[in-house]
Protein chains: 2
Amino acid sequence: MSDDSAGTSPRPTGLREAKKQETRQHISDQATRLFLAQGFDATTIAEIADAARVSKKTVTNYFARKEDLALDRQDAFVATLASAVAARRPGESALGALRRAFEGSLAAHDPVTGFTGAEFARMAAESPTLTHCVRGLHDRREEALAEALAEAGGAPGGDATARTVAGLLGAVHRVLFGRIQHLTLAGYAAWEIERLVAPEGARAFDLLEPSLGRLYVA
Amino acid sequence: MSDDSAGTSPRPTGLREAKKQETRQHISDQATRLFLAQGFDATTIAEIADAARVSKKTVTNYFARKEDLALDRQDAFVATLASAVAARRPGESALGALRRAFEGSLAAHDPVTGFTGAEFARMAAESPTLTHCVRGLHDRREEALAEALAEAGGAPGGDATARTVAGLLGAVHRVLFGRIQHLTLAGYAAWEIERLVAPEGARAFDLLEPSLGRLYVA
DNA sequence: GCTATTTTTACACTCGACGTAAATTTACGT
DNA sequence: ACGTAAATTTACGTCGAGTGTAAAAATAGC
């Protein structure tokens, strides 16, 4: 909840708020730099604090968990699938909307589809902690999608069906995400990956069409 | 390496091996008891060691991570889906085999399908650490399934298709697992859960039939 | 400038995880 | 049965993430 102009909550004055964001960004930048340079696990919070010239406590104050220092825009990532379904066109199924969303993100080389850059991909792949965290984000994304589907209606069976369909659609996006990350690690350029993955995505969405094409149609 | 009497593996003599298993089981039992009594996170390794009357190091020696003390038969769980596909009948699709496997496990109230008992379900739900770990097991299970599908053949598109289909089939089992866990937490008895979830499972597998029913047929 | 609030810091602490070398237990040849 | 070699267990130290607390510093509002 963010109140703007007129405050129910005491609206912290400009400079304080600005400095907070500045400090947060500075810490995040230093952390990212160190993570990419020497790996996630090999970088300690003390090092990050030292690089950012703040105390350890300030770091863990802004970022509750170490992983939060490496993963940016988590909420945006989590919301993508649910948003795509909520914004589907009249007559378009959830499957169709998520297909369009994937194709758009693929063409845009969007990080939420797996285009995270080779350095990040290497860092994530080398750290079990980070890998688990990314998996958690995929799960939250799937849950958000399930809620969006349940709210949208358009299929018999209620929440149970919504969760199942969200699992299926989430799985497709998750697998394609992993594929893009894998190809990134293998050294392919973004445009090459786009050309390689596009037909795989098409095949996957085609595959689901007979099962899901008539569900959750707006 | 000292090979003695017989054996490809150095076959440590009987008593030593027996005592090891005994100690391991004893530690696991004490850990389980404490976890169920006071929760996973609220139980320290030191307490477990104390209860089992061994040193902390012995505990972390047998169980590399704390979660391993709570999760039993991980490899068996991971293998279930891949095994079901490998053992599918002639003319049976992977979807059909996994449907049979689910129905059998559901009727048997098998832990691998989510019948873990109310105490365990509560413990797992209350501990983020444990929840993440269970998610990791689902992922390993999906990966094993993908390998089994790729090895089995029976679909165009090679590994990419295998991974996608494994994602879909894994998602169904995972969602149903979660549903059973949820109902367990809500206080339903196993036989009630069986009656509630059976039609949901049927609906989910029916849903996928038009898409996957003709793939990976033995 | 003064005061109240917020942010940052220093310090201490818990816990999981890892490493090492000594002490204990078990196995086996003689 | 005894002694030696091997494995197991233990005690001890270390590291790093994460938390709590109260003092110190910075900022807001008057």
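These numbers were taken from a predicted model, which means no experiment stands behind them. We name chains A, B, ... by the order of the sequence lines, and we start the count at 1 in each one.
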Donor-acceptor pairs under 3.5 Å, side chain of residues 158-169 of chain B to any protein atom, not counting sequence neighbours: which ones?
residue, atom, partner, partner atom, Å
B/Thr161, OG1, B/Pro156, O, 2.8
B/Thr164, OG1, B/Ala160, O, 3.0

In whole Å, I'd like the distance from the [atom1] atom of [X] to the [atom2] atom of [N].
| X | N | atom1 | atom2 | result |
| --- | --- | --- | --- | --- |
| B/Asn61 | D/dA11 | CG | C1' | 14 Å |
| A/Arg24 | C/dT6 | CZ | P | 19 Å |
| B/Ile48 | C/dG16 | CD1 | C1' | 11 Å |
| A/Lys19 | D/dA25 | NZ | P | 15 Å |
| A/Glu22 | C/dT8 | CD | P | 11 Å |
| B/Leu69 | C/dA17 | CG | C1' | 13 Å |

Exercise for the section: List for me each residue that meets side chain to side chain donor-acceptor pair (under 3.5 Å) alongside B/Arg100, sequence neighbours excluded, and say none if there are none. Expected result: B/Glu92
Contacts table for residues 57-64 of chain A: side-chain donor-acceptor under 3.5 angstrom, sequence neighbours left out:
residue, atom, partner, partner atom, Å
A/Thr58, OG1, A/Ser55, OG, 3.1
A/Thr60, OG1, A/Lys57, O, 3.2

Give every donor-acceptor pair under 3.5 Å between a side-chain atom in residues 35-42 of chain A and any protein atom, sequence neighbours left out.
residue, atom, partner, partner atom, Å
A/Gln38, NE2, A/Thr43, OG1, 3.2
A/Gln38, NE2, A/Glu47, OE1, 3.2
A/Gln38, NE2, A/Glu47, OE2, 3.1
A/Asp41, OD2, A/Ser127, OG, 3.2

Enumerate donor-acceptor pairs with a distance under 3.5 Å from any side-chain N or O in residues 171-179 of chain A to protein atoms, sequence neighbours excluded.
residue, atom, partner, partner atom, Å
A/His173, NE2, A/Leu98, O, 3.3
A/Arg174, NH1, B/Glu142, OE2, 3.1
A/Arg174, NH2, B/Glu142, OE1, 3.2
A/Arg179, NE, A/Glu200, OE1, 2.7
A/Arg179, NE, A/Glu200, OE2, 3.0
A/Arg179, NH2, A/Glu200, OE2, 3.1

Problem - nucleotides 14-22 of chain D: protein proximity per nucleotide (B base, S sugar-phosphate only, - neither; heavy atom, under 4.0 Å) - result: --SSSBBB-
Exercise for the section: Determine whether the side chains of A/Arg24 and A/Gln21 contain a donor N or O and an acceptor N or O closer than 3.5 Å. Expected result: no
Practice task
Please check if any side-chain donor atom of A/Asp68 sits under 3.5 Å from a side-chain acceptor atom of A/Gln74, or the reverse.
Solution key: yes
Under 3.5 Å donor-acceptor pairs involving side-chain atoms of residues 180-192 of chain A, not counting sequence neighbours:
residue, atom, partner, partner atom, Å
A/Gln181, OE1, A/Thr116, OG1, 2.6
A/Thr184, OG1, A/Ile180, O, 2.8
A/Glu192, OE1, A/Ala189, N, 2.8

Handout entry: Counterpart residues, ring-ring contact (aromatic ring centres under 6.0 Å, His included), relative to A/His109 (two or more places apart)
Key = A/Phe115
Handout entry: Listed partners of A/Tyr216 passing ring-ring contact (aromatic ring centres under 6.0 Å, His included), at least two apart
Key = none
Completion exercise
Winner on side-chain proximity to B/Thr58, out of C/dT9, D/dT10, C/dT7, is D/dT10
Practice task
Go through residues 26-39 of chain B and report each residue with a non-hydrogen atom lying under 4.0 Å from DNA chain D, sorted by number.
Solution key: none
Problem - Selection residues 126-137 of chain B - residue pairs positive for salt bridge (charged side-chain N to carboxylate O under 4.0 Å, His left out), sequence neighbours left out - result: A/Asp139-B/Arg135
Practice task
Respond yes when some side-chain nitrogen or oxygen of A/Tyr62 is under 4.0 Å from OP1 or OP2 of C/dT7, and no when none is.
Solution key: no
Practice task
Have a look at the helix from C/dG1-D/dC30 to C/dT30-D/dA1 and give the angle its two end axes make, five pairs each, rounded to 10 degrees.
Solution key: 10°
